[in-house]
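First up is the structure itself, then whatever we jot down about it.
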Protein chains: 2
Amino acid sequence: MNDNKSSENRLKQMVERLKESEHRITPQRYAVLRVLCRSREHPSAETIFNLLAPEYPTMSLATVYKTLNLLKKRGEVLELEFSELGNRYDGNKPYPHPHVICTGCGTIIDPSMLDLEEITSKMMAETGFRITSHRLDFYGICPACQEK
Amino acid sequence: MNDNKSSENRLKQMVERLKESEHRITPQRYAVLRVLCRSREHPSAETIFNLLAPEYPTMSLATVYKTLNLLKKRGEVLELEFSELGNRYDGNKPYPHPHVICTGCGTIIDPSMLDLEEITSKMMAETGFRITSHRLDFYGICPACQEK
DNA sequence: TTTCGTGCAAAAGCTTTGCATTAGC
DNA sequence: GCTAATGCAAAGCTTTTGCACGAAA
C-alpha cells in the first residue's frame with residue numbers, strides 16, 4: 001500500500017477530474033479508484049476485482065474493466081501490456097516510466113526516474129516519428145525470488 | 001524485406017541450431033523460419049500464417065504458434081508482448097533492444113542500438129534485482145501516418 | 001521403424017459488448 | 001426524471017492443447 005497522504009490526494013484528484021467531465025461517482029467506481037490509488041503493485045483487473053468482491057458483493061469484472069478503460073481514455077491510468085502476465089495498471093503515475101519486473105513472481109516495482117529526454121530526442125531525429133510515449137521495462141529476478 | 005545476405009545467413013544459423021538440438025526441419029517449420037528471417041516488420045503469428053497460407057495450403061495457425069514457441073524457448077526469437085496489437089516477433093535480433101512503434105498503423109522499427117548497460121547497472125544496484133532482460137519501446141506517429 | 005511434427009477442433013484466458021435493470025445527479 | 005452506470009451472460013480474440021494421422025531421419 002501507498003503512504004496515506006499522497007494516495008488520498010491522488011484519489012481526490014481522480015474524483016475531481018471525473019466530476020468535471022460529467023462522470024458519476026458510483027460506489028463501485030469509487031472503490032476501483034481507491035484501489036488504484038492505494039496500491040503500488042500495479043494490479044491486474046482481476047486483482048482489483050478480487051480485492052473488492054468481499055466488500056462489494058455485486059461488483060463485477062465488467063465494471064472494473066469499464067472503469068479502467070474510462071480512466072485510460074482520460075489519461076488517469078497507465079496500462080502495461082503483457083500477454084503472459086495479463087495487463088497491469090498504474091493509477092499513481094499515469095505517465096510513461098521505467099519498471100522492474102520479476103520474471104519469477106510477476107512483482108512490478110518503480111525504480112527512481114531516469115532521464116529519457118535525450119534518448120527520446122535521438123529517436124525522433126533518427127526515425128522521423130513524432131514520439132508521444134515510451135515504455136522501458138527491465139526483467140529479472142527480485143531479491144525474494146533469489147532466496148528461494 | 002531484409003537484405004538477402006544477412007537474412008540467409010540468419011536462416012542457415014537457425015536451421016543449424018535446430019538440427020543440433022535434434023529438431024526436425026519440416027517444410028512448414030522451414031517456411032516460418034524463412035519469414036522470420038526475411039521480414040523486418042516484426043510480424044504477428046497471424047501475419048506469418050497469412051503470408052504462408054497460399055504457398056502451403058495445409059499450414060495451420062497452430063503450427064505457426066508451436067514453431068514460435070519453440071524458437072522463443074531456445075532464444076531464437078524475441079517476443080514483443082502487446083495486448084491490443086497482438087504479440088509480435090523478431091527473428092533477426094532475438095535479444096532485447098529498443099523499438100519505435102507507430103500508434104497509428106502498428107509499424108514497428110528498430111532504431112540504432114543504444115547503450116543500456118549503464119542504466120541496467122543502476123537498476124540492479126537500486127532494486128536488488130538480478131536483471132536478465134529489458135524492453136524499451138517508444139510510441140508515436142510514423143512519418144507516413146503524419147501525412148494522412 | 002520410431003519418434004516427432006502437423007493440423008484440426010476444442011478449450012482456455014482475458015477483455016469487450018449488448019441489454020435490461022438500477023441508481024446518480 | 002433523465003441519463004449514465006452496473007452486471008449478467010454471451011461473444012470475441014488470441015493463444016494453447018489433445019489427439020489421431022502423417023512424415024522426417
Side-chain angles (χ1 to χ4, degrees), chain A residues 14-36 42-50 52-74 76-89 106, chain B residues 14-36 42-50 52-74 76-89 106:
Chain A
M14 274 191 178
V15 169
E16 231 27 70
R17 289 182 179 167
L18 284 183
K19 279 185 181 169
E20 278 169 19
S21 52
E22 320 269 73
H23 289 283
R24 295 174 185 173
I25 306 301
T26 65
Q28 295 92 331
R29 191 169 274 177
Y30 188 73
V32 172
L33 301 190
R34 212 176 47 213
V35 170
L36 282 172
H42 305 75
S44 67
E46 191 158 20
T47 299
I48 295 171
F49 173 74
N50 289 336
L52 294 175
E55 198 181 344
Y56 300 80
T58 73
M59 174 73 72
S60 79
L61 242 189
T63 296
V64 174
Y65 276 112
K66 283 169 182 169
T67 303
L68 288 171
N69 282 333
L70 171 65
L71 294 173
K72 189 170 66 165
K73 206 184 308 172
R74 305 196 59 78
E76 295 291 338
V77 77
L78 179 72
E79 182 182 67
L80 305 178
E81 293 185 78
F82 298 102
S83 54
E84 300 180 358
L85 225 53
N87 288 357
R88 308 278 290 262
Y89 298 87
Chain B
M14 274 191 176
V15 169
E16 233 25 73
R17 289 182 179 168
L18 283 183
K19 279 185 181 170
E20 279 169 17
S21 53
E22 320 269 74
H23 290 283
R24 295 178 184 169
I25 307 301
T26 65
Q28 295 92 330
R29 194 170 270 177
Y30 188 73
V32 172
L33 301 190
R34 213 176 46 213
V35 170
L36 281 171
H42 306 74
S44 67
E46 191 159 22
T47 299
I48 295 172
F49 173 74
N50 288 337
L52 294 175
E55 199 181 344
Y56 300 81
T58 72
M59 174 72 73
S60 78
L61 242 189
T63 296
V64 175
Y65 275 112
K66 282 168 184 169
T67 303
L68 288 171
N69 282 333
L70 172 67
L71 294 173
K72 188 169 67 167
K73 206 185 307 171
R74 306 197 58 78
E76 295 290 339
V77 77
L78 179 73
E79 182 183 67
L80 304 178
E81 293 185 79
F82 298 101
S83 53
E84 300 180 358
L85 225 51
N87 287 357
R88 307 280 290 261
Y89 298 88

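For B/N87, no side-chain nitrogen or oxygen approaches OP1 or OP2 of D/dT14 to under 4.0 Å. Of the side-chain N and O atoms in A/T26, one or more sit less than 4.0 angstrom from OP1 or OP2 of D/dT6. Taking side-chain N and O atoms only, A/Q28 has a distance below 4.0 Å to OP1 or OP2 of D/dG7. Remark: B/T63 is in phosphate contact with C/dG7, judged by side-chain N or O atoms under 4.0 Å from OP1 or OP2. At C/dC4, none of the side-chain N or O atoms of B/H23 fall inside 4.0 Å of OP1 or OP2 (strictly under the cut-off).
Side-chain to base pairing of A/K66 with D/dG7: one donor and one acceptor N or O lie within less than 3.5 Å of each other. Under 3.5 Å, the side chain of B/R24 and the base of C/dT3 form at least one donor-acceptor pair of N or O atoms.
Rounding to whole angstrom units, OH of residue B/Y65 and P of C/dG5 are separated by 20 Å. The CE atom of A/M59 sits 11 Å away from the P atom of D/dC8 (whole-angstrom rounding). In this entry the distance linking CD of A/E79 with C1' of C/dC14 reads 12 Å, nearest Å. Computed from coordinates, the B/N69 CG to D/dT14 C1' distance equals 12 Å when rounded to whole Å.
Using a 4.0 Å heavy-atom distance criterion, B/T58 is classed as a sugar-phosphate-only contact.
Taken to the nearest 0.5 Å, the CG atom of A/L68 stands 6.0 Å off from the CG atom of A/L36.
Residue whose closest nucleotide on DNA chain D sits further toward the 5' end, between A/A62 and A/L70: A/L70. Mapped onto DNA chain C by nearest heavy atom, B/S83 and B/Y56 fall at different nucleotides, with B/Y56 at the one closer to the 5' end.
At a threshold of 4.0 Å, the pair A/E20-A/R74 does not count as salt-bridged, since none of the basic side-chain nitrogens sits closer than that to a carboxylate oxygen.
A donor-acceptor pair is defined here as one N or O able to donate and one able to accept, closer than 3.5 Å; no such pair exists between the side chain of B/R29 and the backbone of B/V15.
Judged purely by distance below 3.5 Å, without hydrogens or angles, the side chains of A/S83 and B/E81 pair a donor atom with an acceptor atom.
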